[in-house]
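What follows is a short report on a single structure.
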Amino acid sequence: MKNKENNYNIVEMSGVSVRHKGCTAIDNITLNIRKGSLLALIGPNGAGKTTLLNLINGFSGATSGTVKVFGRKINKKTSGELRKRIGYISQEAVNAPRAPVSVYEAVSIGRIGKRGLLRKLKEEDHNAIKKAIHSVGLGGFESRPVGSLSGGERQKTAIARALSQQPDIMLMDEPTSSLDLKSVREIINIVDEIYREYNITVIYVTHILQHIPPSCGRAVMLKNGRIIWSGKHRGSYSEKLIIELYDLPETTLTGGDEIPFSDKSICKYV
Amino acid sequence: MFDILSYGFMRRAALASVLGGASCGIVGVWVIMLGIPFVGVAMAHAAFAGALLGLLIGVDPVLSGFLFCLLSASLIGPVADRGDFEPNLSTGIIFSIVLGLAFLFMGLIEGPKAEAMRYIWGSILTVRQTDINLLALTAAAIGSFLLIFFKEILAVLYDRRTARAAGVPDKAIFYLILFLCGATVTLNLNTVGGILIFSLVISPPAAAYQLTYSLKKMHLISAAFGVISCLLGLGFSYAFNLPSGAMIIIISGLIFIISLVFSPKRRKVYVRT
């Protein structure tokens, strides 16, 4: 069961900016993420959502400001070690890999880094791999080549791989964006179940409001590298906020209704 | 049939075939799975240019070829890592520069160019004991690297970013792969030559890929195809007095075509559930 004593910030960002090739991808962001929370990062394409995730797992560095994960500054020296406690699912996870690798082997990658160089995987590693595969509903698929799977199944393989790491933080970069409706619903349910069952902090990036898992406690809206709204995740958001977030023409939404995406509406939309 | 092995040069050639064929087969799997086949081409030509420079200035061509190859690898690796532009583009630039250098050095070599031509076409029948020793050393290094770091290699070949995210030192593994690729290519200049070595690195793993869904088996099959290509090529070359390098490449190409035609991947269908 979930540990309720999660009262410290597992991720701390202070005055963070990222500039790349003359563009500002992240502009002076200060953001703290509480341990054990499920945070949704929402925003249009190019808002800086992926860059923010890359800062947390040390894939890229901040031009200014500090990023602390587990209370430690993340940089070139510390990122390799800290990443072993961070599960990461990239946008490309749905693509077929070039290498002929089975589902079991792909999921085992999560344990390879954790175990370290020159160390064989032990029984506890294999148990973690099997448990992760079953947690995402891929039992029976162990020997299947990842290349023969559907996009949704590959996404589940990626989640299992990150889960096998037994991470403290799970970074999910638009895990549903290129899937069909059935797979979207499955992935949302898996994320929700994982979050409820394990004591993992989940940072879930999406640009589709209806794809936010129901357990999400807090949402942060990003636009042009800045936080434009942050607060408790709600069943609906105002039309004004959505229009501002996505730069929609005023006439797109009519009637002043709130945009709903509660549990029921997910079933309706997905 | 085995009378040909009574000659010392044929025994050395057969040994070079086994060691070189297996090495090329294994590094070929890495090159193909990383999606950097042109890195192999650029490194082969860098080694070729280096060998010609060695001949020109009186340094051991194997040593100068190896240094050139490493130099190109040390440029290709970081450029590919920075990702500012398509890695194949930077590889293409390096390829054209080293090819230009090779022609320049070729032009500067005075007198008969038979020795230089050997590094273009290769001549497995003239390999020396020193070459065999170096080939054995490289093959042992490749085999050890594969056995000791197989799980890390699997992670990097699956996806470098995924491997890095899981805490696998992908950069070190990637650079070691480039280094071993360079060493293999350089030391096999004698067997099939600078122009054709690329085919021996690409064809065996491409053929193996048609026959298996397992990365482990792919390494074994590719190494076996590399050895078979070299031995059969050598045999045909001896029997019909044909150029050995060309025969090795033609055999490896034929193995690929046969594997493509009889690939079980075209028959086995996974039913989605």
Side-chain angles (χ1 to χ4, degrees), chain A residues 20-21 53-54 57-59 79-93 95 97-102 105-121 125 137-138 140-141 143-150 152-153 157-158 161-162 164-165 167 171 173, chain B residues 29-37 81-85 144-145 147-173 176 205-206 208-222 263-265 268-273:
Chain A
H20 183 60
K21 291 181 181 174
L53 290 192
N54 287 343
N57 67 5
F59 272 4
S79 60
E81 201 52 41
L82 295 178
R83 266 184 219 136
K84 293 177 184 177
R85 297 172 62 188
I86 304 172
Y88 175 69
I89 294 140
S90 73
Q91 286 179 42
E92 289 82 29
N95 297 338
R98 202 178 280 114
V101 169
S102 69
E105 287 172 324
V107 175
S108 76
I109 292 170
R111 299 303 296 183
I112 291 170
K114 202 165 182 96
R115 183 52 65 192
L117 288 171
L118 303 173
R119 293 196 179 119
K120 277 189 171 180
L121 295 185
D125 297 308
L138 283 180
F141 281 62
S143 58
R144 284 269 297 267
V146 177
S148 75
L149 302 178
S150 68
E153 288 160 350
T157 306
R161 190 247 314 140
S164 79
Q165 266 180 263
L171 307 178
D173 195 358
Chain B
V29 172
W30 303 337
V31 165
I32 283 196
M33 291 298 108
L34 284 168
I36 50 170
D81 264 352
R82 281 193 63 180
D84 281 351
F85 50 86
S144 309
F145 176 62
L147 288 175
I148 296 169
F149 297 107
F150 182 75
K151 59 182 179 25
E152 284 81 10
I153 293 171
L154 178 141
V156 169
L157 298 189
Y158 181 73
D159 179 37
R160 279 191 67 189
R161 200 172 160 85
T162 297
R164 196 182 315 150
V168 176
D170 69 302
K171 200 176 262 190
I173 298 289
L176 265 170
Y209 188 64
Q210 302 302 319
L211 303 178
T212 181
Y213 284 107
S214 155
L215 192 63
K216 224 173 248 179
K217 284 182 189 162
M218 191 179 164
H219 279 93
L220 289 171
I221 297 170
S222 179
S263 170
K265 290 187 176 180
K268 193 168 182 178
V269 176
Y270 283 98
V271 180
R272 298 231 158 91
T273 51

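So you know, we letter chains A, B, ... as the sequences are listed, proteins then strands, and number each from 1.
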Quick one: pull up [atom1] in [X] and [atom2] in [Y] and give me the separation to the nearest 0.5 Å.
{"X": "B/K151", "Y": "A/R119", "atom1": "NZ", "atom2": "CZ", "answer": "9.0 Å"}
{"X": "B/L154", "Y": "A/I112", "atom1": "CG", "atom2": "CD1", "answer": "5.5 Å"}
{"X": "A/R98", "Y": "B/L34", "atom1": "CZ", "atom2": "CG", "answer": "8.0 Å"}
{"X": "B/R164", "Y": "A/S90", "atom1": "CZ", "atom2": "OG", "answer": "11.0 Å"}

Query raised in the report: So is B/R161 actually on top of A/F59's ring, under 6.0 Å and inside 45° of the axis?
Result: no
Query raised in the report: With a 4.5 angstrom heavy-atom cut-off, which part of A/R161 approaches chain B: side chain, backbone, both or neither?
Result: side chain
Query raised in the report: Which answer fits A/E105, side chain, backbone, both or neither, if we ask what part of it has an atom under 4.5 Å from a heavy atom of chain B?
Result: both
**Report entry** Minimum side-chain heavy-atom gap A/P97-B/M33 below 4.5 Å
**Finding:** no
Query raised in the report: Can you find a heavy atom in the side chain of A/S102 that is under 4.5 Å from one in the side chain of B/Y213?
Result: no
**Report entry** Within 6.0 angstrom of A/E92 CD, more than 12 heavy atoms from elsewhere
**Finding:** yes
**Report entry** Atom of A/G110, atom of B/A166 and distance for their closest heavy-atom approach
**Finding:** CA-CB, 4.3 Å
Requested in this report: Could you tell me which of A/N57, A/L117, A/L118, A/L171 has the largest number of non-hydrogen atom pairs under 4.5 Å with chain B?
Outcome: A/L117
Query raised in the report: If you count heavy-atom pairs under 4.5 Å with chain B, which of A/A99, A/G113, A/P100, A/G140 comes out on top?
Result: A/P100
Query raised in the report: Any donor and acceptor pair, going by atom type alone, linking the side chain of A/R83 with main-chain N or O of B/A165 inside 3.5 Å?
Result: no
**Report entry** Sidechain-backbone polar pair: A/K114 side chain, B/G167 backbone, donor-acceptor under 3.5 Å
**Finding:** no
Query raised in the report: Between B/I148, B/D159, B/T162, which shows the greatest number of heavy-atom pairs under 4.5 Å with chain A?
Result: B/T162
